[in-house]
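Keep in mind that the numbers below use all heavy atoms, side chains included, and drop hydrogens, waters and symmetry copies.
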Amino acid sequence: MSVETLEFQSEARQLLQLMIHSIYSNKDIFLRELVSNASDALDKLRLESYRDKDLQADTDDLHIEIAIDTEARTLTVRDNGIGMSRDDVVGLIGTIAKSGTAEFLRKIKESQDAAGSQDLIGQFGVGFYSSFMVADKVTLVSRRAGTDEGVRWESEGEGTYTIAQVEDAPQGTAVTLHLKPADDEDHLFDYTSPWKVREIVKRYSDFITWPVRMVKQNPLEPDAEDTAEKAPELETVNSRKALWARPSSEVSEDEYHEFYKHISHDWNNPLETVRMQAEGTFEYQALLFVPAQAPPDLFMRDSKRGVQLYVKRVFIMDDCEALMPNYLRFVKGVVDAQDLSLNVSREILQQDRQIRMIRRRLEKKVLATVKTMMTEDADKYTTFWREFGRAVKEGLLDDPENRESILEISSFASTEDAEKPTSLRDYVSRMKDGQEHIYYITGESRTTIENSPHLEAFRAKGYEVLILTDPVDEMWVDSVPGFDGKPLQSVAKGEVELDPASEEQQSEYTDLLSWMTTTLEDTVKEVRLSSRLTTSPSCIVGDTNDLTPTLEKMYRAMGQ
Ligand code: ADP
Ligand code: MG
């Protein structure tokens, strides 16, 4: 049998180093990661066997088993799911395909304090590699369902791993952790204790659909050795209830949080939990979460939608883009629909009327939840807007149907209060007598904007101006006519005259103005008298339909 030694891809190597010298205090979660991978593998096998009737796979008793060997100090998590081929193992375990990894590693390097790194690790979630927090060697044996060739992968996490072909590997995957020596001070981390392991499974993986089995413990002799004669009796440790199908009064907040961590691969609690249950002609249940932090890839091109689709408790797909609009791509969760075919494809979903209806309801529900947050929990809302506001504002462009609701939950920096963003509703309530417009100015940063001569007259009049500095602001302001019947007006564009110049003033300056217009012909369209300035002698304004300076810069950067 030939054994090959291969190198981890460099990002994988760095991530492993982080795990080996782990600074993450909650090491228990390695088990959640392994059980979650096993559960995903079982989901995938079940789905594949529905789709491919010829698949030669055993789907009779899909389950997860956790075995402990106290003598050898090993812990094994085994599943009889989809399994991996040799190439799968090299591609999936030896490399990290997750987007945002490089960015994550860079931030880790920059963050000096341990607490900051903890946050980052939690946010990123490191999956399989978290095994190396507790193990100094990991062995994985796998066989892809429907094939005969097994593969054995082994590594101490230090730069290389070995890979070899194996005979008669059972279907699915077994991951064996060779646990680090027990630390006297850290006896809490004794993962050879069945009680401890059972407790972790209950805590983190209770809702998993598949049975997680362990050797039954005799309460009178807790750690009795199994006698060789009779096979040890197994028992299911988790309750296996689909959380979204249970009445919310029966589910604790902790259970929701653990479920969120399971599906999102986030190690932190969500900011908000959203539940929906629809009965009648088209029945579905949804359990959605707003994370507490934006993922590192929120603004990357291939950033995924976070909602999973189930049909009658059967997992169908991750990242179901048909269920959530792009601007709410950070929302995670599960939708379980009762009347869809298990064979639905992404393409069919996009066309499906009922799916579109679900999506519309989910979107409205999320917006309504944020609106409630705004009035009932200002701190929570502040976090929400800080993390996701920039994405949400994309909806002002993409989704005219919900534009008013999106404006309702948006906040903007303003001249009113340098520290605190304002909602449009609050802006409107502060509008001065005679003020008809909601004024705004766009630019690169608050500092450049505050020194802008465009603001002078508005300041003098006591008119509040919204300060819009996100690139996306440049895009939506032109397509959003106004809010609550008040038109939006840029202070830097067109003829915004607060007190128009009188006839005499106009005629007095006619000659000067036309001389200036001719002289500056190559640079400006027109020179006109303005009341928008109080201390500066002049300023440059764009025409109503012109690009703003920032947009101009953006287009130029894109080579247009
Ligand atoms: P994630 O689960 O977030 O994708 P992991 O590091 O936990 O990241 O796992 C990486 C990949 O390895 C998984 O996406 C999956 O394709 C594969 N994998 C891990 N464990 C198993 C398993 N028990 N059975 C089949 N595939 C697995
Ligand atoms: Mg995983």
Which atom pair, heavy atoms only, marks the closest approach of N238 to V212? OD1-N, 2.9 Å

Counting C-beta onward and ignoring hydrogens, is there a side-chain heavy-atom pair between V215 and P194 closer than 4.5 Å? no

Would you say K371 has more than 12 foreign heavy atoms packed within less than 6.0 Å of its NZ? no

Verify side chain to side chain contact (heavy atoms under 4.5 Å, CB included) between I20 and Q17, making sure each step is shown before the conclusion. CA-CA 5 Å; I20 293 171; Q17 280 305 310; 4.2 Å; yes

Going by the rule side-chain hydrogen bond (donor to acceptor under 3.5 Å, both in side chains), which residues pair with E347 if we only count those two or more places apart in sequence or in a different chain? S345

CA sep, side-chain torsions, deciding dist, call: F30, L75, side chain to side chain contact (heavy atoms under 4.5 Å, CB included): CA-CA 11 Å; F30 82 89; L75 178 109; 3.7 Å; yes

Using atom types as modelled, flag every donor-acceptor pair under 3.5 Å from a side chain in residues 361-370 to any protein atom, sequence neighbours excluded.
unit_1	atom_1	unit_2	atom_2	d
E363	OE2	Y327	OH	2.6
E363	OE2	N402	ND2	3.1
K364	NZ	N402	OD1	2.9
T369	OG1	K365	O	2.7

So which atom in E33 and which in S130 form the shortest heavy-atom distance, rounded to 0.1 Å? CG-OG, 3.5 Å

Donor-acceptor pair, distance only, cut-off 3.5 Å: does the side chain of E154 make one with the backbone of T162? no

Among T173, N37, I64, exactly one meets side chain to side chain contact (heavy atoms under 4.5 Å, CB included) together with V77. Which residue is that? I64

When rounded to the nearest 0.5 angstrom, what is the spacing between CE in M317 and CG in D43? 13.0 Å

Salt-bridge criterion met for K261 and E258 (N-O under 4.0 Å): yes

How long is the straight-line distance from CD of E103 back to CE of M300, given to the nearest 0.5 Å? 5.5 Å

Under-4.0 Å salt bridge between E149 and R86: no

Can you tell me if R13 uses its side chain to pair, donor with acceptor, with the backbone of F8 under 3.5 Å? yes

More than 12 heavy atoms from other groups under 6.0 Å of CD on E250: yes

If I take atom CZ from residue F104 and atom CG from residue L15, how far apart are they, to the nearest 0.5 angstrom? 5.5 Å

Does T147 use its side chain to pair, donor to acceptor, with the backbone of R144 at less than 3.5 Å? yes

Do H257 and N268 have side chains that approach each other closer than 4.5 Å (heavy atoms only, starting at C-beta)? no

What one should report as the nearest heavy-atom pair of P181 and D136 is CD-OD2, 3.9 Å

For Y161 versus S155, what's the shortest heavy-atom pair and its separation? CB-CB, 3.6 Å

With the side chain counted from C-beta on, respond yes when I200 and Y191 share a heavy-atom pair under 4.5 Å apart, and no when they do not. yes

Which of these, Y260, W244, F330, sits in a ring-ring contact (aromatic ring centres under 6.0 Å, His included) with F289? Y260

If I take atom CZ from residue F128 and atom CG from residue L16, how far apart are they, to the nearest 0.5 angstrom? 9.0 Å

Any side-chain heavy atom of V237 within less than 4.5 Å of one from D206? no

Does L45 offer a backbone N or O that forms a donor-acceptor pair with the side chain of S49 under 3.5 Å? yes

When every non-hydrogen atom of V138 is compared with those of A135, the smallest separation belongs to CG2-CB, 4.0 Å

Are more than 12 heavy atoms, taken from residues, nucleotides or ligands other than D148, located less than 6.0 Å from that residue's CG atom? no

Across all chains, not counting sequence neighbours, the ring-ring contact (aromatic ring centres under 6.0 Å, His included) partners of H262 are F207

Would you check, one step at a time, whether the test side chain to side chain contact (heavy atoms under 4.5 Å, CB included) holds for I358 with F282? CA-CA 9 Å; I358 298 187; F282 194 45; 3.3 Å; yes

Q354 and Y284: CA distance, side-chain angles, deciding distance, side chain to side chain contact (heavy atoms under 4.5 Å, CB included) verdict: CA-CA 10 Å; Q354 292 175 314; Y284 66 90; over 6 Å; no

Check each of R213, H63, M214 against T236 using the side chain to side chain contact (heavy atoms under 4.5 Å, CB included) test, and report the only one that passes. R213

For Q350, does the CD atom sit with more than 12 other heavy atoms under 6.0 Å from it, leaving out its own atoms? yes

Heavy atoms only: give me the nearest T209-R240 pair and the separation to one decimal. O-NE, 2.8 Å

Note: E255-R246 ion pair, threshold 4.0 Å (strictly below): yes

Backbone of A12 reached by a side-chain donor or acceptor of T95 within 3.5 Å: no

Could you tell me whether a side-chain N or O of Y129 sits under 3.5 Å from a main-chain N or O of I93, the two making a donor and an acceptor? yes

Is NZ or CZ of R329 both nearer than 6.0 Å to the six-membered ring centre of F299 and within 45° of the ring axis? yes

Counting C-beta onward and ignoring hydrogens, is there a side-chain heavy-atom pair between I316 and L340 closer than 4.5 Å? no

Measure the spacing between CG of L323 and CD1 of I355 and express it to the nearest 0.5 Å. 5.0 Å

Any donor and acceptor pair, going by atom type alone, linking the side chain of D470 with main-chain N or O of V472 inside 3.5 Å? no

State whether the side chain of D336 and the backbone N or O of Q285 hold a donor-acceptor pair below 3.5 Å, judged by distance alone. no

Does S36 reach the side chain of D40, with side-chain heavy atoms less than 4.5 Å apart? yes

L34 and S131, any side-chain heavy atoms less than 4.5 Å apart: yes

Donor-acceptor contact below 3.5 Å, side chain R143 vs main chain G172: no

Look only at the side chain of S205 and the backbone of I208, and say whether a donor-acceptor pair between them is shorter than 3.5 Å. no

Got a second to check how far F384's CZ is from D377's CG, nearest 0.5 Å? 13.0 Å

Quick check: do W210 and D79 have side-chain heavy atoms less than 4.5 Å from each other? no

Presence of salt bridge, R203 and D28, under 4.0 angstrom: yes

